[in-house]
Structure formats: structure tokens, C-alpha cells
Student: 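I have a structure here, written as C-alpha cells, and I will follow up with some questions on it.
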Amino acid sequence: MSLFDRFEQAFMPNYGVPPVALARGEGTRVWDVDGRAYLDFIGGIAVTSLGHAHPALVEAVSSQVATLAHTSNLFLHEPEVLLAEKLLELLQAPGRVFLANSGTEANEAALKLAIKYGKRHGRTYFVAAENGFHGRTLGALSLTGKQAIRDQFGPFPVEVRFVPYGDADALKAAVTGECAAVFLEPTQGEAGVVPPPDGYLAAAREICDAAGALLVADEIQSAIGRTGHWFAHQADGCTPDILTLAKGLGGGLPIGACVGFGEAGTLFDKGDHGSTFGGNPVSCAAALAVLANVDLGHVRTVAARLRDGLEAIGHPLLKGVRGRGLWLGVVLTEPVSARVQKAAADAGFLVNALQPDAVRLAPPLVVTEQEIDAFVTAFPRILSEAAK
Ligand code: PLP
């Protein structure tokens, strides 16, 4: 029986059966179980910041696992302290950190902080964006504005009012003195890599300040250099009250972080929240290696090359390119992204059919100019193949 058939028999069908079975990787290159090579232009969904098997990540994780793999939160360890300090240094704002294992869990922590803030200040509801994605556990799902993945799982534990993403007037109307917090992605990832109009996040900051609500930036997909900045909000002239991180932070090891600034960093009392594995030494060592090795200058250079290269392609199936840095949505004129994903894999490139008319690109941040050129050169043929 093939690995695919065995997968189908052993697993719940929530993911379907993935089309490619990967065996190993090195840099931006991965090999499937049959030894076929691909250039990885999706990076485990914006996760493998340093590419596959980066020597610094391998060394950090191997030596940490051989030294001390786990302590629980009954004991502290140096890697977690170094990581929290490093994040705060990069954020250039005084704050406090909670470490979790995933993006969803980082958002659960943010929601619990916001609930405490609401109780303290007599605020009862939350605002989030239509089509936004914040995770699958019930708290994070309450904030997720995609009907298709919410519908069957309500009712939800908190009241969330949804507004169209990018519409500052709608946001202003929704955020009253009873709103505890607004949850936003600086660019909507799962919705199709959709950036808001310029000034939207700064407007959200002003709206929250005026109403006394917290602003929560979900940077689980957008941070750690992905947009050419450590954190996407830094380019938007807006500091959130709460920031959530995951994905690229661990470079492939599971870790999430929730950072609270000002009052939001002081809301949890002893015993209010916790996680057995959150902030474990191995994941912290991985995150420290990522933060020490991401080169923002390189990201900006190769990102510009990718975008310019794609925008120079004239093809009837290519409508345009949106997104920031090494995080792009390639928008199609027809809803055939699944065919583009398949044609790309056949041509030796891994991309992601994110929406019927949008293909996501999020290569490792170490992708080289030659690898970008190889993709840009192959893409017109991939599109033509998909259009057949
Ligand atoms: N928030 C955003 C913006 C995301 O893109 C994701 C995952 O795609 C999540 C939260 C959930 O993160 P995780 O899958 O690590 O739980």
C-alpha cells in the first residue's frame, strides 16, 4: 500500500490526503519520498524561515535537546529568558511575554488577556475582521471570520462582531465604549494574502485609543522578517497592545508567543494561564537561532526581485500580485489555483492554492536570487499548463 493510502486509512480526514510526501530538505530545496527535488516556495506556510536543515538551527536544537529538553514551568531555564528579552529588544517597546506552542494558543492567551481587560473595565464584546483567521480552538475560532470553518462549531464563548477588513469607518462604528479588544491581522494571510489600504492599522490604533479598547495584532503569519520587517506592524506606524507570534518564530519547531504592552502585559495574575510545553528549551533554542540568522536586508532584496519578476510576466491567467516581502498572493483571472499548484509541483516547485483564484508564495527567507529567478522563469509555463 502506498504511503498516501496508509495516511488516508490512519488519519482523520480533516486535511484530505496531501499531494506530495516529503522526506528531507536543505535550504530552499526539498525531496519527496521518491527522491524527486522541488524548490519550496511555501516554506511550511511561512514557517521555515531559515530554510530546511539550516546549520545554525540544527546545531541549536541538537545541542539543546542533548543538554536539557524540558523543564515544565515549575522551573525556569535560560533559553526562554533570552528569547523573551530578544523579542522585547526587537519590538523596541516595554512589554511582557507568554510562550505557547502554536499560533492558536498565542491567540487564546491574547483572548484571555482581553477578557480580563473587559471584566476590569466593564467591556463585554470583541471586534474582528470578516475572512480573518486566528486559529481553530474555540476561543481563536470565535475570532475567526470565515463562515465555512465556524458555522458548525458555535455557539462560541465570547461575543465577536465582525467588520469588513480594511474599512476604517466600519471599524470605527463597531468599536464602542463596551468593546474590550479589536483583533486584526496586519495583512490577512489565509484570506489570500490581502493587505489593507495604507493607513488602516494606524486608523485602527486611533479608533481603539479613542474608545479605550485594546488592539491585538495577530502577526502569526506576518512577523519574523516575512515582510522585510521583524514585525509587519512596524511598517504601519502602529504599536498594538497585544501581539501574537508563531509560525516563522521557531523556523519549524513549534512555538508561539503572546506579548502584552502596557496594562495588557500585566493583566495575568499568578495561575491565570499556563502550558506544559510552552516555551520549552528546545523550541526556544530554535527561535533564538532564527532571530540570530534572519537577514532583513536579504529578505528585502530577494522579495523585490520576486515581485518585479512576477509583475513583469504578461500572461492571460495572471491578474496581479499582492502582499508584502516574501509573502505574496498571486491573483489569477480564473479560479484554477489548484491546477497551478499541481502544474508547479510537476515543474519542481511547491506553492499553495490558497483561494480558488489566489496562489500563496512564502519561500524560506534564505531563498537565493538564483532560486527566485528559476521560479520566475518557470512560472509562465506553469500558468500555461494550468490553463490547458
Ligand atoms: N493566526 C494566523 C494569522 C494564522 O495565519 C494562523 C495559521 O495559519 C493562526 C493564527 C493559527 O496558528 P497555528 O496553526 O499555529 O495554531
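Predicted model only: the values in this text are computed from it and were never measured. Both counts, for ligands and for their atoms, begin at 1 and track the order of listing.
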Student: Would Lys146 and Asp151 count as a salt bridge (Lys or Arg N to Asp or Glu O under 4.0 Å) if you check the C-alpha gap in whole Å, the side-chain angles of each, and the deciding distance to 0.1 Å?
Tutor: CA-CA 9 Å; Lys146 288 173 101 178; Asp151 272 358; over 6 Å; no
Student: Using only atom types and a distance under 3.5 Å, with no angle test, would you say the side chain of Thr176 pairs donor to acceptor with the backbone of Glu178?
Tutor: yes
Student: May I ask you to identify the nearest protein heavy atom to atom 14 (O) of ligand 1, giving residue, atom name and distance to one decimal place in Å?
Tutor: Thr104 OG1, 4.4 Å
Student: Please state which protein non-hydrogen atom is closest to atom 15 (O) of ligand 1 and give its distance, to 0.1 Å?
Tutor: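 Checked against all protein heavy atoms, atom 15 (O) of ligand 1 sits closest to Gly103 N, 2.8 Å.
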Student: Any idea which protein heavy atom is nearest atom 1 (N) of ligand 1, and the distance to it?
Tutor: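 Here the closest protein heavy atom is Asp218 OD2, 2.7 Å.
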Student: Is Glu185 touching ligand 1 with its side chain, its backbone, both, or neither, if touching means heavy atoms under 4.0 Å apart?
Tutor: side chain
Student: Got a salt bridge between Glu311 and Arg307, using NZ or NE/NH1/NH2 to carboxylate O under 4.0 Å?
Tutor: yes
Student: Please identify each residue that fulfils ring-ring contact (aromatic ring centres under 6.0 Å, His included) with Tyr125, with sequence neighbours left out.
Tutor: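 Residues passing ring-ring contact (aromatic ring centres under 6.0 Å, His included) with Tyr125: none at all.
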Student: So which protein heavy atom does atom 2 (C) of ligand 1 come closest to, and at what separation?
Tutor: Phe133 O, 3.4 Å
Student: If you take the centroid of each ring, where Trp contributes its six-membered ring, are Phe277 and His70 closer together than 6.0 Å?
Tutor: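 Under 6.0 Å, so yes.
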Student: So, does Lys247 sit close enough to ligand 1 that a heavy atom of it is under 4.0 Å from the ligand?
Tutor: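 Lys247: in contact with ligand 1 (<4.0 Å).
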Student: Please confirm whether the backbone N or O of Tyr38 pairs with a side-chain atom of Arg29, one donor and one acceptor, at under 3.5 Å?
Tutor: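 Looks like no, no N/O pair under 3.5 Å.
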Student: Between Arg136 and ligand 1, find which residue part has any heavy-atom pair under 4.0 Å and reply side chain, backbone, both or neither.
Tutor: neither
Student: So which heavy atom in the protein is nearest atom 5 (O) of ligand 1, and how far is it from that ligand atom?
Tutor: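 The closest heavy atom on the protein side is Gln221 NE2, 2.6 Å.
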Student: Heavy atoms only, cut-off 4.0 Å: how does Asn107 contact ligand 1, side chain, backbone, both, or neither?
Tutor: side chain
Student: Any ion pair linking Arg120 and Glu263 (charged N to carboxylate O, less than 4.0 Å)?
Tutor: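 A salt bridge links Glu263 with Arg120.
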